[in-house]
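One structure below.
By convention in this document, chain letters (A, B, ...) are assigned in the order of the sequence lines, proteins followed by strands, and residues within each chain are numbered from 1. Only this structure's heavy atoms are used, side chains among them; waters, hydrogens and symmetry mates stay out.
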2 protein chains.
Amino acid sequence: MSEKNEMLDDLDRSLLELLVRDARTSLKDLAAQVGLSSPSVSERLRRLEERGVIRAFTVEIDPLALGYTLQAIVRIKPLPGKLHIVQKLIEEIAEFGECDKVTGDDCFIARLFVRSIGDLDGILDRIADKAETSTAIIKAQPIRRRPPPLGAQSE
Amino acid sequence: MSEKNEMLDDLDRSLLELLVRDARTSLKDLAAQVGLSSPSVSERLRRLEERGVIRAFTVEIDPLALGYTLQAIVRIKPLPGKLHIVQKLIEEIAEFGECDKVTGDDCFIARLFVRSIGDLDGILDRIADKAETSTAIIKAQPIRRRPPPLGAQSE
DNA sequence: GATGCGCCCTAATATAATTAGGACAATATC
DNA sequence: GATATTGTCCTAATTATATTAGGGCGCATC
């Protein structure tokens with residue numbers, strides 16, 4: 001009846017922390033660092049994945065390397081009745097690298113990767129007749145995507 | 001003199017695509033899928049990392065698994081003269097999972113992971129005397145973080 | 001005080017990564 | 001126009017790692 005099933009212990013949290021830093025750390029090294037054997041670590045990772053705690057092993061790519069020299073945050077307020085169309089459109093445009101549906105006046109807040117101001121204009125044009133948009137160009141990134149604190153668990 | 005050094009070819013892009021999907025794909029499998037030998041793949045990955053194209057191998061963690069049931073997007077406009085203090089403060093608060101410095105009226109746009117509305121309030125309080133903030137609670141995530149299109153390169 | 005469950009271990013086996021050495025084509029050099 | 005040079009790739013041998021198989025131990029349950 002309890003949620004023991006979904007609880008993370010200290011070892012799990014240590015493993016997550018190590019993997020966030022470097023997902024290629026070998027089981028052997030992980031095991032050594034948390035004080036378990038590698039089969040035990042392997043089993044824990046399997047269960048963390050199975051439970052969805054670890055959503056994916058992935059690589060972080062520098063957008064610049066792909067020619068995306070510009071990023072923008074776009075607030076998007078669909079015109080009446082256009083919400084679903086707009087959402088679909090956003091999802092289909094691959095340059096949107098992130099999109100959240102939020103409370104408040106703006107309905108969506110999205111991140112856009114583009115190669116030039118021209119491209120930015122082109123993409124916003126595709127939405128212009130279905131939503132009001134408000135765009136802020138990113139000048140710097142004080143914090144790049146990072147996970148929430150892995151430290152002590154409240155519950 | 002050219003930027004050949006910094007160019008990605010089709011094989012590199014295929015490798016990146018495979019790794020974004022699953023960073024644990026073995027060299028052997030990668031090699032089979034792109035039609036190279038594993039030492040060649042290994043060497044290409046090494047260079048992609050060296051050049052900074054691949055910024056990191058990492059795991060994506062579900063914030064919910066850590067008890068972070070709430071996310072918010074906060075627009076932050078530091079009061080006159082407080083810009084640097086505010087930026088430093090944001091960086092130090094681990095619950096900020098992302099922060100961009102942007103053009104326009106709001107200076108920063110940040111993502112906040114919290115466990116409760118109370119926590120949200122607590123964190124915003126720490127900034128309240130140094131900046132104006134405007135908060136939008138995330139209701140849904142139509143697009144979760146994804147890289148820009150890896151397809152054809154312009155230059 | 002037996003039974004089952006969760007979690008861990010070691011040792012053996014299977015699989016993958018790395019290293020070493022060299023082929024080959026394209027490009028620059030004399 | 002012959003000859004280095006560079007970059008990229010290969011195979012085969014070696015080393016390192018992951019996985020599997022089998023079992024121990026503590027703890028809660030009945």
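- The side chain of Ser37(A) places no N or O atom within less than 4.0 Å of a non-bridging phosphate oxygen (OP1 or OP2) of dT10(C).
- Applying the 4.0 Å criterion to OP1 and OP2 of dG6(C), one finds that Arg47(A) has every side-chain N and O outside that range.
- For the pair Arg24(B) CZ and dT17(D) C1', the interatomic distance rounds to 14 Å; values are reported in whole Å.
- At least one side-chain nitrogen or oxygen of Ser40(A) sits closer than 4.0 Å to the OP1 or OP2 atom of dC9(C).
- For Lys28(B), the side chain to side chain donor-acceptor pair (under 3.5 Å) criterion is met by no residue, not counting sequence neighbours.
- Glu49(A) places its CD atom 14 Å from the C1' atom of dA18(D), with the value rounded to the nearest Å.
- Heavy atoms of Leu11(A) sit under 4.0 angstrom from primed sugar atoms or phosphate atoms, though from no base atom.
- Side chains of Arg51(B) and Asp12(B) form a contact here, defined as non-hydrogen atoms less than 4.5 Å apart.
- Protein atom CG of Asp29(B) is 14 Å distant from nucleotide atom C1' of dA18(D), rounded to whole Å.
- Remark: P of dT19(D) and CG of Leu30(A) are 12 Å apart, rounded to the nearest angstrom.
- In this entry the distance linking CZ of Arg46(B) with C1' of dT19(C) reads 13 Å, nearest Å.
- Without hydrogens or angle criteria, Ser14(A) side chain to Asp10(A) main chain gives a donor-acceptor distance under 3.5 Å.
- The list of side-chain hydrogen bond (donor to acceptor under 3.5 Å, both in side chains) pairs with a residue in residues 127-136 of chain A, not counting sequence neighbours, reads Arg75(A)-Ser134(A).
- With respect to the salt-bridge test (charged N to carboxylate O, under 4.0 angstrom), the residues Glu43(A) and Arg46(A) qualify.
- Atom CG of Leu36(A) and atom P of dC7(C) are 12 Å apart (whole Å).
- Regarding Leu27(A), its CG atom lies at a distance of 12 Å from the P atom of dT20(D), rounded to whole Å.
- Among the heavy atoms of the strands lying under 4.0 Å from Ser26(A) are primed sugar atoms or P, OP1, OP2 only; no base atom is included.
- In this structure, Lys28(A) atom NZ and dT17(D) atom P are separated by 4 Å, rounded to whole Å.
- You'll find that the side chain of Arg44(A) is closest to dC7(C), out of dC7(C), dT17(D), dC10(D).
- Of the candidate nucleotides dT19(D), dC8(C), dT18(C), dT19(D) has the atom nearest to the side chain of Ser42(A).
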